[in-house]
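These notes concern the structure reproduced below.
In the text below, chain A, chain B and the rest are named by the order of the sequence lines, each starting its count at 1.
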Protein chains: 2
Amino acid sequence: MSDMPTGDSLLFLTDEQLRQGIEAMFFAYRGFTSAPDQILAGISYGRAHHRALHFIGRSPGMNVNRLLAILGVTKQSLNRVLRTLIEDGLVESRVGVADKRERHLYLTEEGQTLETRLSEAQRAWMRAAYRKAGPDAVTGFRQVLEAMMEPELRRLYSGLREG
Amino acid sequence: MSDMPTGDSLLFLTDEQLRQGIEAMFFAYRGFTSAPDQILAGISYGRAHHRALHFIGRSPGMNVNRLLAILGVTKQSLNRVLRTLIEDGLVESRVGVADKRERHLYLTEEGQTLETRLSEAQRAWMRAAYRKAGPDAVTGFRQVLEAMMEPELRRLYSGLREG
DNA sequence: CTTGGAATGTCAACATGACTGACTTAATGT
DNA sequence: ACATTAAGTCAGTCATGTTGACATTCCAAG
């Protein structure tokens, strides 16, 4: 810590600055979810369905346990969401080859379509924010978010970019 | 937009970059709420109570309508939370002086104590993230979050710093 | 080979915190 | 006097989280 700045340059760590960051996070998260929420409202799905579709689309063939770790809910809770998605033909669940206890999850064509629609809306919102703030701000944004994750989730987050 | 950068310097707007930002936001939000959530779990309150305490503590004397606008929930939903907080002696509701229809909200001493406990935990988490990322990153973080808010909420957010 | 434990997934019941809609009460303002 | 506004309430619904109990499958130790 000997190379930490001192005095006024630590202003970003005052309680007031931290509080503003907390409130910014709260308000921004609402904007973050507003676009997909609006789409979901029409079709009697919720955020939980969106999250499942997102991560299944991101890593096709993922088994339920891994999805559980990513979403951080109980398997019973995920199962309800997953069941409706499978019943509605948006997600396909294939029994594992090596281990028949496992179910591997895939988006159907219809599932892909909805996922794309939701993602496009959310990306459009993020794109506008990124554009407004500029590339340097985006770099800082990503750094703070990553530092804010719980260690286990940070590993999962990084893992998504590798395999 | 004639002064926007072009070519490779727009890499931060690719779909992949945006997707990573979206996932970062999702994972970070869990870290963001984890510390207060742990405290709340013990005392049969939820995030909704924390949010109410936070904003009442932030702007003592605020009336119900304003709190409603900030939280973005229905009055029925807020009322349930507020009623328990008042019954439990954490929040005081005073009839307005100028307009007797209004109720102005204040934290009691006990309410202040809990709010401080929750806020301290959350601030400690944010402080660690800020320190890790550094002041420049924090500036960018705040800029992107502000750009991400819905316009109406951005006004409310800014308004909290004035009066 | 069998059997018992661990891993995986499913079903049922319940809690919380959102929502809508209809309504009351009281105070305000035109 | 009457319409509007602020706050609160009652009733019902929905999405999404929770525990607990259970079935199936796999693997490894006896």
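- The residue among B:Ile86 and A:Ser44 whose nearest nucleotide of DNA chain D lies closer to the 5′ end is B:Ile86.
- One donor-acceptor pair, N or O on each side, does fall under 3.5 Å between the base of C:dG21 and the side chain of B:Gln76.
- One interatomic measurement links the two molecules: CG of A:Leu67 to P of C:dT10, which rounds to 12 Å at whole-angstrom precision.
- Rounding to whole angstrom units, CG of residue A:Leu68 and P of C:dA7 are separated by 14 Å.
- Nucleic acid contact class of B:Gly72 (heavy atoms, under 4.0 Å, all strands): sugar-phosphate only.
- To the nearest angstrom, P of C:dT8 lies 4 Å from CG of A:Asn65.
- Annotation for B:Gln76: atom CD counts as buried by contact number, over 12 foreign heavy atoms lying within 6.0 Å.
- Rounded to whole Å, the distance from CG on A:Leu71 to P on D:dT18 is 11 Å.
- One interatomic measurement links the two molecules: CG of A:Asn79 to C1' of C:dA13, which rounds to 15 Å at whole-angstrom precision.
- Around atom CD of B:Glu109, no more than 12 heavy atoms belonging to other residues, nucleotides or ligands sit under 6.0 Å away.
- Put simply, CG on A:Leu78 is 9 Å from P on C:dT10, counting in whole angstrom units.
- In this structure, B:Gln112 CD and B:Leu53 CG are separated by 9.5 Å, a value rounded to the nearest 0.5 Å.
- Results of the salt bridge (Lys or Arg N to Asp or Glu O under 4.0 Å) test with B:Glu16 over A:Arg161, A:Arg123, A:Arg58 single out A:Arg58 as the only residue that passes.
- Distance from the side chain of B:Asp99 is smallest to C:dA27 among C:dA27, D:dT18, D:dA7.
- B:Leu105 has its CG atom 15 Å from the P atom of D:dA6, to the nearest Å.
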Contact list (N/O, under 3.5 angstrom) for nucleotides 24-26 of chain C vs protein:
none

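- Remark: A:Thr74 is in phosphate contact with D:dT18, judged by side-chain N or O atoms under 4.0 Å from OP1 or OP2.
- Nearer the 5' end of DNA chain D, as judged by each residue's closest nucleotide, is the contact made by B:Lys75, out of B:Lys75 and A:Arg51.
- Counting to the nearest Å, the P atom of C:dC19 and the CG atom of A:Leu40 are 15 Å from each other.
- Atom CD of B:Glu87 sits in a crowded spot, with more than 12 heavy atoms from other residues, nucleotides or ligands closer than 6.0 Å.
- Using a 4.0 Å heavy-atom criterion, one finds that A:Ala41 contacts no nucleic acid atom at all.
- Among the nucleotides C:dA18, D:dA7, D:dT16, the one closest to the side chain of B:Ser77 is C:dA18.
- A sub-4.0 Å separation between OP1 or OP2 of D:dT16 and a side-chain N or O of A:His49 is present.
- Within the 4.0 angstrom heavy-atom criterion, base atoms lie near B:Arg80.
- Few gaps surround CD on B:Glu120; more than 12 heavy atoms of other groups in view lie less than 6.0 Å from it.
- Relative orientation of the A:Phe32 and A:Tyr29 rings is tilted, given thresholds of 30° and 60° on the angle between their planes.
- Among the atoms of the strands shown, only primed sugar atoms or phosphate atoms (P, OP1, OP2) are found under 4.0 Å from some heavy atom of A:Arg47.
- Contact annotation: the side chain of A:Phe26 approaches that of B:Phe55 to within less than 4.5 Å [non-hydrogen atoms, C-beta and beyond].
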